[in-house]
There are 2 protein chains.
Amino acid sequence: MPAALMPRDEVVERLMKVIRRHGYDGASLAELSKATGLGRSSLYHHFPDGKDDMVRAVLEQLEQGLRTLIFEPLREPRPARRRLEQMIKTVDAYYDGGREACVIGNLVLGTSRTRFHARLRAIFEEWIDAVAAALLDAGVSRAESRALAEDAVVRMEGALIVAHGTGDTAVFSRTLKRIGADLVAAVGPG
Amino acid sequence: MPAALMPRDEVVERLMKVIRRHGYDGASLAELSKATGLGRSSLYHHFPDGKDDMVRAVLEQLEQGLRTLIFEPLREPRPARRRLEQMIKTVDAYYDGGREACVIGNLVLGTSRTRFHARLRAIFEEWIDAVAAALLDAGVSRAESRALAEDAVVRMEGALIVAHGTGDTAVFSRTLKRIGADLVAAVGPG
DNA sequence: GTCTATAATAGGATAGAC
DNA sequence: GTCTATCCTATTATAGAC
């Protein structure tokens, strides 16, 4: 038998997919096992503390992915407007136009509500800070930057919920447009 | 033994409390039983199809409650501005300033994602329609009324998620303020 | 309409061979 | 590092007495 059939990243990616769809409480070991192709015991070998360890790995990888795809690009030396517009596009792709559920949302609700509080809080904060940084660069006041950034993140999360609740992914697209418009209005045509 | 120790409404209210906190997958019959004071068998007597029946009852009662508390007041013959401001206040109280989780959000995620689609969709639509109606009354165009109403609902849902994720209920208050400001700006001082 | 008792199953977790 | 086999607990659901 090979030492590792799959890189760890790929295993964690598949765990994420299940948690994203079924949530913490709904994600059974049976499904996590099926999705990764690893037996229960193998999963426990890699994640001794069971589901909690898996979720921690998922959150770490998610955070790393968001940093690369979204947070860091928001701080690149380009016009703020470009950076913000790119974030919108990346988010749209990341959630497949509103068809994919939100990992974070799933972990915030249900019985996992408080279990991963610290890391979830960190992710939200990083996201808000990164958006606010781009706004600040464009000369928007600190207070307004923070308010706009928080509002953007709030709207993205909410749009995913409403899109799923109504079965209408267009809600997500429309919301992203609104967010983009508000951010661009704040930074100006730069 | 008395025929009914508790009115059905009260039973359903307690079921709602559990589902709100634990979600569909996390709400076990043991807890639902404890919360209502009814044994498992009694629960099955009232809700033969188990948890699904309970959730259906919860959603019916939720919809009825929202109608009375929020949707109908939004259509009362008063200045639109007053109606919208009252909605904000009622929502703030209903979610206890962001401390209470959202029943709908919990049912939209996890394995119950698609199970109650129709009713969840109906609730979201009713809410958006009611807000849009108030805006229309104030002379806001149909398209803008719809967009603003959708955005308001999206933001409320999102704020509940972010407030729980960060542990910072102030996000909810700030978001409600933003929603109120945008709605009032659209209808004017009337 | 409620209860106790019980069935049947799914879930999480571990032991030990390979 | 992975597997098969197993254990234990929690969970859903039902039967039948009162």
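Letters A, B, ... mirror the listed sequences (proteins, then strands); counts begin at 1. Note that these values count all heavy atoms, side chains included, but never hydrogens, waters or copies made by symmetry.
Side-chain N/O atoms of B:Ser41 and base N/O atoms of D:dA15 include a donor-acceptor pair closer than 3.5 Å.
Protein atom CG of B:Leu43 is 11 Å distant from nucleotide atom P of D:dT12, rounded to whole Å. As a whole-Å value, the separation of B:Met54 CE from D:dA13 C1' is 10 Å. Atom pair A:Leu29:CG and C:dT14:P shows a separation of 11 Å (rounding to whole Å applied). In this entry the distance linking CG of B:Asp52 with C1' of D:dA13 reads 13 Å, nearest Å. For the pair B:Met6 CE and C:dT2 C1', the computed distance is 12 Å after rounding to whole Å. The nearest whole Å value for the distance from the CZ atom in B:Phe47 to the P atom in C:dT2 is 10 Å. In this structure, B:Arg8 places its CZ atom 11 Å from P of C:dG1, rounding to the nearest Å. Distance A:Tyr44 OH to D:dC7 P: 17 Å, rounded to the nearest Å.
Which of D:dT11, C:dC3, C:dA13 sits closest to the side chain of A:Arg40 comes down to C:dA13. The nucleotide whose nearest atom lies closest to any side-chain atom of B:Lys51 is, among D:dT4, D:dT12, D:dA15, D:dT12. Comparing C:dA15, C:dA13, C:dC3 by their closest approach to the side chain of B:Ser42 singles out C:dC3. If you check C:dT2, D:dA13, D:dA5 against the side chain of B:His45, the one that comes closest is C:dT2.
Sequence order on DNA chain C of the closest nucleotides to A:Ala27 and B:Gly37 puts B:Gly37 first from the 5' end. Of the two residues near DNA chain D, B:Ser28 and A:His46, the one whose nearest nucleotide lies more 5' is A:His46. Both A:Glu31 and A:Pro48 lie near DNA chain C, and the one whose nearest nucleotide falls closer to the 5' end is A:Glu31.
Scanning both residues, A:His22 and B:Asp25, for their nearest heavy atoms gives O-OD2, 3.8 Å.
In this structure B:Arg83 satisfies the side-chain hydrogen bond (donor to acceptor under 3.5 Å, both in side chains) test together with B:Asp137, sequence neighbours excluded.
Residues A:Met156 and A:Tyr95 are not in side-chain contact: their nearest non-hydrogen atoms beyond the backbone lie 4.5 Å or more apart. With a 4.5 Å cut-off on side-chain heavy atoms, A:Arg115 and A:Asp52 count as touching.
Atom CD1 of residue B:Ile179 and atom CD1 of residue B:Ile88 lie 5.0 Å apart, to the nearest 0.5 angstrom.
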